[in-house]
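One structure is given here, and the rest of the page talks about it.
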Amino acid sequence: MVCLTLPPYLLSRAIDDGLQPGRWPALIGWVAALLGVGVLNAWLAIMRHRTMTRVRLDAAFRSVQAVVAQATRLGGALPRRVTAGEVVTIGFGDVAVIAGTLTITGPGVGAVLAFVVVAALLLAVEPLLAAVVLLGVPLLAVLVGPLLGRLQGAEAAYRERQGRLADRFEDMVGGLRVLNGIGGKEVYAERYRRGSQELRAEGYRVGAVTSWIQALGVGLPTLFLGAVTWLAARMAAQGTISVGELVAVYGYAAVLVVPVSFFIEGGYDLSRGLVAARRVIRFLDLEPDSAGGEAAVDGPGPPAALHDPDSGVEVVPGRLTALVGARPSESAAVVERLGRFTGSAATWGAIRLDEIDLTQVRRRILVADNEADLFAGPLREVISGARDRDEESIDRCLYTAVAQDVVRGLPDGLDSPVDAQGRNLSGGQRQRVRLVRALLADPEVLLAVEPTSAVDAHTEAAMATRLRAARSGRTTVVTSTSPLLLDRADTVYYLVDGRVAAVGSHRELLDRESGYRLLVSRGTDDDPADEGNVPPSREAVR
């Protein structure tokens with residue numbers, strides 16, 4: 001930026017010292033200096049562009065890393081704290097805006113320095129011209145200030161609406177199969193269309209403010225250049241300044257167009273960057289549920305019982321425990337407290353669960369539910385999780401989850417690609433793949449929410465038998481109302497309004513609890529303990 005001010009000065013010297021008095025050696029010397037400065041400015045422009053590109057890309061990638069790290073830290077709390085669409089908007093749109101904003105730093109500082117240098121050079125030529133420049137440039141920036149404030153408000157509203165619309169689009173894509181089945185595709189499409197039109201209108205409002213800012217960014221410096229040139233020409237005509245100085249003043253004013261444009265453009269970028277940064281900071285400020293503090297302690301040595309005082313459930317180590325409730329959400333809530341996904345007074349052994357180091361809890365206690373994400377990739381990677389698994393372990397867990405047919409049905413077996421969220425698999429296949437992944441993790445405590453709800457009775461019976469055998473001597477909790485699974489449990493807790501109403505074996509509860517009997521028999525008089533009387537479909541009940 002500062003070097004841009006040198007050509008007008010050299011040009012004025014070439015005119016006054018060489019061209020006007022006819023001194024050719026001096027003229028050639030100043031022209032050579034002018035050529036050298038031109039080459040220098042070209043090289044500096046290349047390096048500035050490279051530097052700003054490096055700054056922008058570095059900022060973008062580091063910001064993405066921070067967002068991804070925060071999403072990972074939030075873990076299971078993420079879907080409850082922020083929508084997927086907002087995360088996508090932050091991770092791509094807002095991060096890019098922030099990265100672009102950082103590129104105004106170098107040119108912005110350079111513009112200030114160039115402004116000071118030009119003012120000093122003009123002061124040597126004519127104090128009046130220096131005063132006009134010193135007062136005029138800040139005035140141009142002030143004129144754009146109110147528009148920048150309006151832009152922040154419009155941009156913030158646009159970003160919020162954009163995040164909501166992205167979230168709705170993701171919901172539509174994820175539930176396209178279901179929407180087709182219930183005939184709701186057109187309804188959701190119409191809602192998305194209305195939201196898109198509202199977003200477009202919001203975008204027009206942002207564009208209106210932006211167009212004024214950009215127009216002023218071009219127009220005001222040009223008017224300023226014209227005013228300074230007119231004043232300098234009057235002074236040259238009156239003999240106050242020389243012809244060379246007139247040329248220099250014009251060059252200085254023309255050079256100032258660049259810093260002034262950067263001021264206005266930088267203010268525009270900074271305004272948008274602040275909106276984006278606030279959204280990113282709001283996301284980075286989120287805390288995981290029951291994250292634990294610096295005083296986190298080690299977990300108990302196995303075996304240790306899990307106790308949930310809110311419901312009265314106590315999970316005895318090394319046994320298969322089942323939770324039964326008329327409302328599946330109540331049983332799932334117990335699992336979330338025992339898995340420390342929601343705050344509670346739950347204990348593990350003699351220690352409160354929320355006082356134990358969270359890393360230990362996640363490593364030793366695994367909550368497996370039917371909403372757990374399935375990432376895109378080969379099936380082998382989808383079920384292996386954080387570590388590579390040997391073929392023997394994979395085959396054993398596939399057998400336990402009765403998922404061999406899932407592998408056989410795919411063209412390349414375990415190497416077949418699985419879409420995000422398992423969209424190329426059926427509901428029952430996704431459920432069994434999730435169970436395989438949970439079994440391969442081999443946790444000390446496995447908390448499974450409705451692990452057999454989407455399969456037929458024959459497959460469910462096999463899963464119940466094999467799950468009990470595979471987890472023999474390990475602590476396992478399942479939530480279910482299936483008599484096939486409940487009959488394999490060591491202990492069954494019957495929950496009413498989220499509290500333990502009765503506890504015992506499946507057959508004991510059938511004998512003495514009419515509510516339990518009615519719940520697990522699906523309202524029939526048949527004995528649910530007789531597997532032959534289990535209705536072939538459980539979907540209607542759910």
Side-chain angles (χ1 to χ4, degrees), residues 48-49 51-74 77-109 111 141 144-171 195-217 261-288:
R48 180 186 66 83
H49 181 74
T51 302
M52 292 300 101
T53 301
R54 183 183 295 273
V55 168
R56 183 176 68 253
L57 293 178
D58 178 71
F61 284 119
R62 288 204 292 160
S63 300
V64 167
Q65 286 177 341
V67 170
V68 172
Q70 171 69 347
T72 305
R73 191 173 77 95
L74 291 173
L78 179 62
R80 295 191 293 269
R81 308 297 293 277
V82 63
T83 65
E86 187 172 358
V87 174
V88 171
T89 303
I90 289 172
F92 288 93
D94 291 332
V95 163
V97 172
I98 292 172
T101 301
L102 291 184
T103 62
I104 71 173
T105 305
V109 173
V144 184
L147 289 175
L148 296 178
R150 287 187 57 189
L151 178 64
Q152 282 198 41
E155 187 84 16
Y158 178 80
R159 289 286 181 184
E160 294 294 336
R161 194 180 294 274
Q162 186 181 41
R164 290 196 298 268
L165 191 64
D167 189 53
R168 179 172 295 177
F169 181 76
E170 191 210 11
D171 290 342
S196 180
Q197 290 171 348
E198 293 171 358
L199 180 65
R200 180 182 61 185
E202 197 73 46
Y204 284 156
R205 282 191 283 273
V206 174
V209 180
T210 302
S211 64
W212 275 106
I213 293 174
Q214 292 179 343
L216 292 174
S261 298
F262 266 114
F263 288 146
I264 297 175
E265 181 183 344
Y268 166 67
D269 287 342
L270 186 61
S271 179
R272 297 178 68 235
L274 287 173
V275 173
R278 290 190 188 104
R279 286 167 53 85
V280 174
I281 292 297
R282 190 165 63 241
F283 176 71
L284 296 179
D285 277 342
L286 297 177
E287 290 293 336

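Since the structure is predicted, the reported quantities are computational estimates derived from the model, not experimental observations.
S63 and V95 make their closest contact through CB-CG1, 3.7 Å (heavy atoms, listed as atom of the first residue, atom of the second, distance). The two residues L284 and A66 come nearest to each other via the heavy atoms CD2-O, 3.7 Å. Contact detail for M52 and G106: the closest heavy-atom pair is CE-CA, 4.4 Å. Smallest separation of non-hydrogen atoms from L286 and L74: O-CD2, 3.8 Å. Contact detail for R56 and G100: the closest heavy-atom pair is CG-N, 4.2 Å. Taking every heavy atom of both residues into account, I98 and A276 meet most closely at CG1-CB, 3.9 Å.
To the nearest 0.5 Å, atoms NE2 (H49) and OG1 (T103) are separated by 10.5 Å. For the atom pair CG (D58) and OG1 (T51), the distance works out to 12.0 Å, reported to the nearest 0.5 Å.
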### Task
Mind running side chain to side chain contact (heavy atoms under 4.5 Å, CB included) on V275 and V97 for me, showing each step along the way?
CA-CA 9 Å; V275 173; V97 172; over 6 Å; no
### Task
Would you check, one step at a time, whether the test side chain to side chain contact (heavy atoms under 4.5 Å, CB included) holds for F92 with V67?
CA-CA 10 Å; F92 288 93; V67 170; over 6 Å; no
### Query
Could you go step by step and tell me if Q65 and R62 meet the side-chain hydrogen bond (donor to acceptor under 3.5 Å, both in side chains) rule?
CA-CA 5 Å; Q65 286 177 341; R62 288 204 292 160; over 6 Å; no
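A donor-acceptor contact closer than 3.5 angstrom is absent between the side chains of R200 and Q197.
A donor-acceptor contact shorter than 3.5 Å links the side chain of T101 to the backbone of D269.
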